[in-house]
Amino acid sequence: MLTSKSCAEFCDLNTEDLMTFKECAHMNSEEVCAFIESLSATPQGCRKLLKMMHAHLERVEAESSEERIREAHQAINQFVATHHFI
């Protein structure tokens, strides 16, 4: 059985990143992993994923605690550091 951690590792994400995408896309862990894996193979797909993360950050900033905002920022920073945009 796949766990959230194994899905995140498969997509080169940490658990926080995976949770961010789950909230953005309203999908379960397995669906998010397939979605991310298909898009992260190209710079255009990575930019699309980053755009989703920024939209999620705007919602979090309007509705959530400082801790959740910090987690969303960390997820974006981690994604940018580990994926190709050019």
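As the structure is a computational prediction, the values presented were derived from the model and not from experiment. The analysis underlying the following values was restricted to heavy atoms, covering all of them including side chains, and did not include hydrogens, waters or symmetry mates. We're numbering straight along the sequence, starting at 1.
Counting all heavy atoms, side chain and backbone alike, V60 lies closest to A72 at CG1-CB, 4.4 Å.
The distance from the NZ atom of K48 to the OG1 atom of T42 is 10.0 Å, given to the nearest 0.5 Å. Distance CD1/I76 to CG/L57: 4.5 Å, rounded to 0.5 Å. Taking OG of S40 as the reference point, atom NE2 of H83 lies at 4.5 Å (rounded to 0.5 Å). In this structure, CZ on F79 lies 4.5 Å from CG on L49, to the nearest 0.5 angstrom. Atoms CD and CZ, from Q44 and F85 in turn, are 11.5 Å apart once rounded to the nearest 0.5 Å.
Although no hydrogens or angles enter the test, the distance criterion places a donor-acceptor pair under 3.5 Å between the side chain of E31 and the main chain of N28.
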Check the pair M53, F21 against side-chain contact (heavy atoms from CB on, under 4.5 Å), reporting the backbone distance first and the verdict last. CA-CA 7 Å; M53 293 178 84; F21 281 113; 3.4 Å; yes
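Using a 4.0 Å cut-off between a side-chain N of Lys or Arg and a carboxylate O of Asp or Glu, R68 and E71 qualify as a salt bridge.
Side-chain contact check for M52 versus F35: some heavy-atom pair is nearer than 4.5 Å.
Applying side chain to side chain donor-acceptor pair (under 3.5 Å) to H56 and the options E61, K51, E23 leaves one that passes, E23.
Within a 6.0 Å radius of NE2 in H84, no more than 12 heavy atoms belonging to other residues, nucleotides or ligands are found.
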